[in-house]
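Indexing begins at 1, ligand by ligand and atom by atom, following the structure's order.
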Amino acid sequence: MLIEDQVLRNNWVVACKATDLKEEPKQVIILGERVVLFRNEEGTHAFKDLCIHRGAALSLGCVKDGQLVCPYHGWEYNSDGKCTNIPQLPEGRAIPLKAQAITYLCKKEYGFIWVNLNNNNPRMIDYSPFYDENYRNVLWGKIEVNANPPRVIENFLDVGHLAFVHEGFLGVSEKPVIGDYNVHEEEFRIYSDEIAIFQPDPDGSGVAKDVYYTYEILSPLSVLFTKRDPDTDNRMTIILIVQPVAEGKSIAHGILSFNYDTGTTDQEIIEFQDMIFAQDKPIVENQKPEDLPLDLQVELSLKSDRMSIAFRQYLKRLGVTLGTA
Ligand code: FES
Ligand code: CO
């Protein structure tokens, strides 16, 4: 996963739901790296989860008076990662300048905490329904998946599987054909035309009909689709945001956004999405090779896989930009 690792380290990577970070520091694993998140009056912070003194995990410590305190010998670190107290030092002895935690850029956005491991402060994705008052937003996840992120992402962009994996829910097996569609590229988004998908009961009225899906890539780890009902113009957007944990391990997070009254509770919406995702999970966890082939000659694509192809081309370009592909 070498190419992708560097691409992802240059991005904002989701670390956890903001409400999952409480008073205690929290360990998250991103790209195989242990990261500690903690909160104080100055905001939310991310450090490498490693004390410079004897390598203890800072996440086992606590936050006291705004300082992150190591559990082993009580060294204290401020928001900038600078060590501000070493209890073992005799009176008047200066704290060594090297006593400093490794810090990562960290921000709160869209109800999640994000970390940028390479500290290059990239552009944050633009997910407009979250701040649109016409939309109801429901946070979904986290779901652990034993697969690398690109396979998880590509499954979400895959139109052809709806009538099979989600038969009876998101498609019907008698109508598997996907019409031709194009993919368009702008500076910060890659998106498809509307694609007609025949669904058994898209609006809960019991009537089967075509609805329209538009897929969109926002970043290597964030993709979305919008489902539009042609009769009512009701729209539902789901953004999938994948946390790359380690080789073969991902965590899926998401936001479901509705511009209409679904007549269901948040919990019901989450449970439905859990059920749909549970149908995808065994497929994605057993795909070979584990890494998405970026060479388009490997695996056989159809025209209807145009969105997946665009994703592979996009990942390849990002790798090339870094000079690692
Ligand atoms: Fe952290 Fe000693 S290992 S204070
Ligand atoms: Co699916």
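Here the shortest heavy-atom pairing between Leu68 and Phe47 reads CD2-CD1, 3.8 Å.
The atoms of ligand 1 that sit less than 4.0 Å from any heavy atom of Cys51 are 1 (Fe), 3 (S), 4 (S). Less than 4.0 angstrom separates some heavy atom of His73 from each of these atoms of ligand 1: 2 (Fe), 3 (S), 4 (S).
At least one N, O or S atom of Cys70 sits under 2.8 Å from atom 1 (Fe) of ligand 1. Among the atoms of Asp280, an N, O or S atom falls under 2.8 Å from the Co ion (ligand 2).
The residues Arg312 and Glu299 are annotated as salt-bridged, a charged nitrogen and a carboxylate oxygen being separated by less than 4.0 angstrom. Salt bridge Arg39/Glu23: present, at least one basic N to carboxylate O contact under 4.0 Å. A salt bridge links Lys288 with Glu290: at least one charged nitrogen is closer than 4.0 Å to a carboxylate oxygen.
Taking CZ of Phe130 as the reference point, atom CD1 of Ile125 lies at 10.5 Å (rounded to 0.5 Å).
In terms of distance to atom 2 (Fe) of ligand 1, the nearest N, O or S atom of His53 is named ND1. Atom NE2 is the N/O/S atom of His161 found closest to the Co ion (ligand 2).
Looking only at protein heavy atoms, the nearest one to atom 3 (S) of ligand 1 is Arg54 N, 3.2 Å.
Atom CD of Gln88 has more than 12 neighbouring heavy atoms from other residues, nucleotides or ligands inside a 6.0 Å radius.
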